[in-house]
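What follows is a set of notes on a single structure, which appears directly below.
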Amino acid sequence: RNLHLWRRYHRCIRSICDKHRQYGISPEHIRHPPSKALIDFATDIDVDQASNELLLLHGTPHFDVAKVIATEGFDHRVAGNGLYGQGTYFAAQTCKA
């Protein structure tokens, strides 16, 4: 785990929750049941439903790229051209990640 990215992520979550409270925003929860494979994989991962947090997956066939993503985070500037153009894509279903 990258502690710097983790702390940065939690600061962003707190900021989002604060803005929701400040402006009276109540985001609609996404109703997408996770697959059994995802439930089995993510047994140790806690998702904060109060902040509308979801576990999304990003697939890559290259282990070295996965290691860089895990330590440095995503950088859309170096993303390849996916099906919908250059960008970083995520999916809630493992078969689509």
Output for pair (I16 CD1, I25 CD1), nearest 0.5 Å, gives 10.5 Å
My understanding is that only residues two or more places apart in sequence, or in another chain, count here; which of them pass ring-ring contact (aromatic ring centres under 6.0 Å, His included) with Y9? W6
From CA spacing to verdict: salt bridge (charged side-chain N to carboxylate O under 4.0 Å, His left out), K67, D64: CA-CA 5 Å; K67 287 185 352 185; D64 56 330; over 6 Å; no
Do you know which two heavy atoms are closest between G73 and L5, and how far apart they sit? N-CD1, 3.4 Å
CD (Q22) and NZ (K19) are apart, to the nearest 0.5 Å, by 8.0 Å
CZ of R8 to SG of C12: how many Å apart, nearest 0.5 Å? 6.5 Å
Would you please name every residue forming a side-chain hydrogen bond (donor to acceptor under 3.5 Å, both in side chains) with D75, sequence neighbours left out? R77
Out of curiosity, H4 NE2 to T71 OG1, how far, rounded to the nearest 0.5 Å? 12.0 Å
